[in-house]
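Everything on this sheet refers to the single structure shown next.
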Amino acid sequence: MEGILLAVGIIFPFLAGFISLGLKNSKARAALIISTSIILIALSIFFLRRGAFQYTPPAQYDLVILVLDYVLLAYFLYIGITDFLSVGINIRNIFTISLALLQGIFLGLFEFFWAPHVPLEVKPVFLIDQLSIIMCLIVCIIGSLICIYGIKYMDDHERHLKLEKTKQPRFFFYMIMFLGAMNGLVFANSLLWLCFFWEVTTLCCYALIRHDGTPEAVGSGIRALWMNLVGGAGFVFAIIYAFNRLGTLSLAQIVGTHGMPVLLLPLAFLCLAVFTKSAQMPFQSWLLGAMVAPTPVSALLHSSTMVNAGVYLALRIAPAFQGTALSTAVAVFGGFTFMTTAILAISQAEAKRVLAYSTIGNLGLIILCAGINTPLAITAGITLLVFHAVSKGLLFLCVGIIDHHIWSKNIEDMQGLVSKLPLITTITIAGIISMLLAPFGVLISKWAAIEATGALESYWSPLILVMLVIGSAATTVFWIKWLGRFLSQVPSAKRATMERFSPAYHVPVLLLITGAVGLSIFIAPFYEQIIAPAVGVAYTSVVTTQSWFFWGTIGAFAVWPIFVILALALVVPTLVIRLKPEQVRPAYMCGENVECEAAEFRSVADKRTPLETGGFYLAKTLGEHNLNRWFNPTALIILLTLFALVIVL
Amino acid sequence: MSWWQMILASLLAIIVVPFIGGLLRGVDRKLTARMQGRRGPPIQQPFYDVVKLFAKQMITTTRTQLVLAYGYLLLIVTTLVLFALRQDLLMVILVLGVGSVCLVLGSLSVRSPYSQFGGHRELLQLLAYEPILILAAAAIYLKTGAFFIGNILSQGKPLLPSLWISYLALLIALIIVMRKSPFDISASEHAHQEIVRGVFTEYSGPYLAILEVAHWYEIVLLLSIISLFWVPGVWPGILLALFSFFVVLVIDNITARLTWSWMLRISWVGGLGLVILNLLGLHFFGG
């Protein structure tokens, strides 16, 4: 039974992907994607009902994984070499080739010479607990909705590019395979298996980023590849060290040995893998480059797969370094990324880049929580992981829809969109609000993170706290600026007419926004049923939900009263207030308006001059060019310090 | 607190606070006038103004603006109710943030250059003062072991002797929230400057009155947070708050408006620096 469940979760998406590769008919492909999605969603709910279990497949599967691992590395090597042959010597292909070789050689040395058996068996291979189940729910539900959305999106996308031959079979092959690889990754307990699935996600990510095949896309794809190979190499070293010191590769056993100082180095290597996968500073550029990919890819990478694998691993291994210097260093590193990305996002005008910075920042916050490493912080981390996934998936899909209406992703072009595309703009606004305002889930997690950091008994806590509060204030700035563009309208008493409802686009989006709002309102039962058991795996959970408030040990968040107020404050007036035409007046233009509804004023010689307004970007002070000079080296120094600390101690 | 005490406290917060806030604004205008060698309006002038504004015809540019004016008022009132119910201080500050966001969005929802300028600058003000407020709450936590206002109030010893550095930082935040010089960058007090009235430019009549009343609540909230620095006893805290209010007025009258980048520099380097110093001090020496 367990075997079948896992097979459906992991192998079935791979198979479905291969079938999609052979399907030329778009209707048949759509049917395949939708049915796969439904099966995966049902499966994840089944996992939730079933609860924790463990399973070890027959030994020959270890051999299969071993062989596939080298096939994968050989493919990475091949990518590096072909790139070398086509563009000549370049940092990206040097890194790809050398890292793939490095990884292959060390993995080979380990598996064939140093390990006592070939293949090395680890028991259990799969260990499913509440944390993996939460991840599985995120992957299967949000990932599937994104795939369904992708059906129409890719049709429109290819029509816009005027493509003669569709590349969709290959696209959906990787999309669906990604989900299977993620399931494997979150269920695996054997580090060898985990490492294999880790590399498969790297492969899918690379292939999807370069999907459009433009030089920019290829470049970004290879950059994503080599940066993730840095983490992959870290993973291999972690495996070798951990086996050397402990004689086991079972993740559960490694995590179970809390605070053994000899283990800190392999844990630090795993953290390196986490940082690259989650695109933390100074590795952020691969995720920003990934923006060239079609929007469903971005949505998938940012919300349900790829980057989540990193923070999942961070939360998973956090108990092992509880109370060590490594833990504090991880918190500082995460906090630094959170603060800097929030500041960098202020200067961005491209919607997808803003979203990307926000993702990196939120992942930094989760890593910070893993580093703070108290039960309250871990609760905050897991809660944030879920709420961020829902809202971020939603926002990417929204930007994709807006892009396909106005063919632009620039925030300035979205000025006044609330009166042009009211439906999707309202959903986007709701999505942004769910990312930033109290009392939605993301903010509740932030609140818990601040209280946990404040309560941390460490000299470093003030520093971490400062980065946390500056980051969260800057977060407000870049989101609100964007919201302001949506809302900025010319005076008018007319109500906007709704755009056409398109089920393939709007249904996934509506489901996600319902999820984001619903989970926030019902956070108390959601916490009790889903989050608390996951925290309880390695910590004693400290949050209670008496009278549906969110109670930490040192404070409480009155969730539903504030929801009631928010509804009274924003929803009721929206429904009640009606304007008569005579109550509407033009904006103040020193008395030189042309007429009420025209965005024009009279300038020299009474000439009609269009009124132009725009957002603040403060690019001179806060631009990437200016700040990255300081941010990237600092992040690198923090990372090196982290390793230095671990080696010295 | 029993339920009727809770209702009483909430009602007090909702009904009494605007009178205090309005009076403070009146005192503000009187004192400012005297410092400038003018006679100044009577202390009850803010109430006359608001009553008059409410009686005016309702005119607006967009509907969104009106919705957000209500949002601003209701959320700020909520923070005071939460304060009166002695809830989590950090939550109060975060909800205050939601209120300020409503004000910003209200001004950004009209395509008017002045209002847009004001809105963006108000955002930068938020960026400047919110971190100070949160860090100050953390400093209070470190000293008292609680984020609950109820527990903070039941402390035996006043906080100011060990948290005076954080108190200084809070003064910076207070200047920004009260939109006083040198940080009155989002809504210049005098309507003939380059941004007209900034965030308030596009509001008039009853809705301008709503914003004004909300601002009264906001000032009282900030002063209440400051008064936490001297409990037990009711009067020391109130006197401390009034003293801080007076200090802000003096600073307002002896400084000129700064640019946003200076505001950020002063509040982050000065304000945050002070609180960090305080936090580190508490960590090393235990206060």
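Lettering follows sequence order; numbering is per chain, from 1. Predicted model, so just to flag it, every value in this text is computed and none were measured.
- In this structure, no portion of B:Ile93 lies under 4.5 Å from any heavy atom of chain A.
- Residue pairs meeting the side chain to side chain donor-acceptor pair (under 3.5 Å) criterion with at least one member in residues 460-484 of chain A, sequence neighbours excluded, are A:Ser461-B:His283.
- With chain B as the partner, the residue from A:Ile470, A:Thr453, A:Val571 showing the most heavy-atom pairs under 4.5 Å is A:Ile470.
- In terms of modelled atom types and a separation under 3.5 Å, the side chain of B:Asp88 and the main chain of A:Ala556 share a donor-acceptor contact.
- Screening A:Leu468, A:Ile450, A:Val469 for a side chain to side chain contact (heavy atoms under 4.5 Å, CB included) involving B:Leu135 leaves a single residue, A:Val469.
- Of the atoms belonging to A:Ile433, not a single heavy atom falls under 4.5 Å from chain B.
- For B:Phe148, the parts lying under 4.5 angstrom from a heavy atom of chain A are both the backbone and the side chain.
- Between chain B and the residues A:Gly471, A:Ser458, A:Pro561, the most heavy-atom pairs under 4.5 angstrom are made by A:Ser458.
- Interface remark: B:Leu272 contributes side-chain atoms only to the contact with chain A (heavy atom separation under 4.5 Å).
- Shown here for B:Val110 and A:Ala587, the closest heavy-atom pair between the two residues is CG1-CB, 4.0 Å.
- Between the B:Arg111 side chain and the A:Leu611 main chain, a donor and an acceptor come within less than 3.5 Å of each other.
- No part of A:Leu622 comes within reach of chain B, as not one of its non-hydrogen atoms sits under 4.5 angstrom from that chain.
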Donor-acceptor contacts under 3.5 Å from residues 69-82 of chain B side chains, at least two apart:
| unit_1 | atom_1 | unit_2 | atom_2 | d |
| --- | --- | --- | --- | --- |
| B:Tyr72 | OH | B:Glu218 | OE1 | 2.7 |
| B:Thr78 | OG1 | B:Leu74 | O | 2.6 |
| B:Thr79 | OG1 | B:Ile76 | O | 2.4 |

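- The main-chain N or O of A:Leu579 is never found under 3.5 Å from a side-chain atom of B:Arg63 such that the two would form a donor-acceptor pair.
- For A:Thr621, the part lying near chain B is the side chain, with the backbone staying farther off; criterion is any non-hydrogen pair under 4.5 Å.
- The candidate from A:Val576, A:Leu443, A:Leu618 with the greatest count of non-hydrogen atom pairs under 4.5 Å with chain B is A:Leu618.
- To the nearest 0.5 Å, atom CG of residue A:Leu566 and atom SG of residue B:Cys102 are 7.5 Å apart.
- Of all heavy-atom pairs spanning B:Ala138 and A:Leu465, the tightest one is CB-CD2, 3.3 Å.
- A side-chain N or O of A:Ser488 and one of B:Gln116 form a donor-acceptor pair less than 3.5 Å apart.
- Interface remark: A:Leu436 contributes no atoms to any contact with chain B (heavy atom separation under 4.5 Å).
- Once rounded to the nearest 0.5 Å, the distance linking CD1 of B:Ile59 with NZ of A:Lys580 reads 12.0 Å.
- Each of B:Val95, B:Val98, B:Thr62 has some count of heavy-atom pairs under 4.5 Å with chain A, and the biggest count is that of B:Val98.
- Across A:Tyr459 and B:Leu280, no two heavy atoms sit closer than the pair O-CD2, 3.7 Å.
- To the nearest 0.5 Å, atom OG1 of residue A:Thr613 and atom CZ of residue B:Phe117 are 11.0 Å apart.
- Residues B:Leu68 and A:Leu570 are in side-chain contact: their nearest non-hydrogen atoms beyond the backbone lie under 4.5 Å apart.
- Within 6.0 Å of atom CD in B:Gln5, more than 12 heavy atoms from other residues, nucleotides or ligands are found, so the atom counts as buried in its surroundings.
- Only the side chain of A:Ile562 comes within contact range of chain B, with heavy atoms under 4.5 Å apart.
- For the residue pair B:Ser109/A:Gln489, the side-chain donor-acceptor check at 3.5 Å is not satisfied.
- Aromatic ring pairs are classed by plane angle as parallel below 30°, tilted from 30° to 60° and perpendicular above 60°; the pair A:Phe616 and B:His120 is parallel.
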key: side chain to side chain contact (heavy atoms under 4.5 Å, CB included) between B:Leu105 and A:Ile480, worked out   = CA-CA 7 Å; B:Leu105 283 178; A:Ile480 294 299; 3.9 Å; yes
request  = Show your working on side chain to side chain contact (heavy atoms under 4.5 Å, CB included) between A:Val572 and B:Val67 and close with a plain yes or no.
outcome  = CA-CA 9 Å; A:Val572 173; B:Val67 174; over 6 Å; no
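- Note: B:Leu123 leads B:Leu123, B:Ile134, B:Ile132 in heavy-atom pairs under 4.5 Å with chain A.
- Residue contact with chain A, scored on non-hydrogen atoms closer than 4.5 Å, involves the backbone and the side chain of B:Thr60 alike.
- A:Trp447 places a side-chain heavy atom less than 4.5 Å from the side chain of B:Leu94.
- Proximity to chain A is limited to the side chain of B:Val104, based on heavy atoms less than 4.5 angstrom apart.
- Contacts of A:Glu612 with chain B are made by backbone atoms alone, with heavy-atom separations under 4.5 Å and no side-chain atom involved.
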inquiry  = Apply side chain to side chain contact (heavy atoms under 4.5 Å, CB included) to residues B:Leu126 and A:Val477 and explain how you reach the verdict.
reply    = CA-CA 8 Å; B:Leu126 193 70; A:Val477 173; 5.7 Å; no
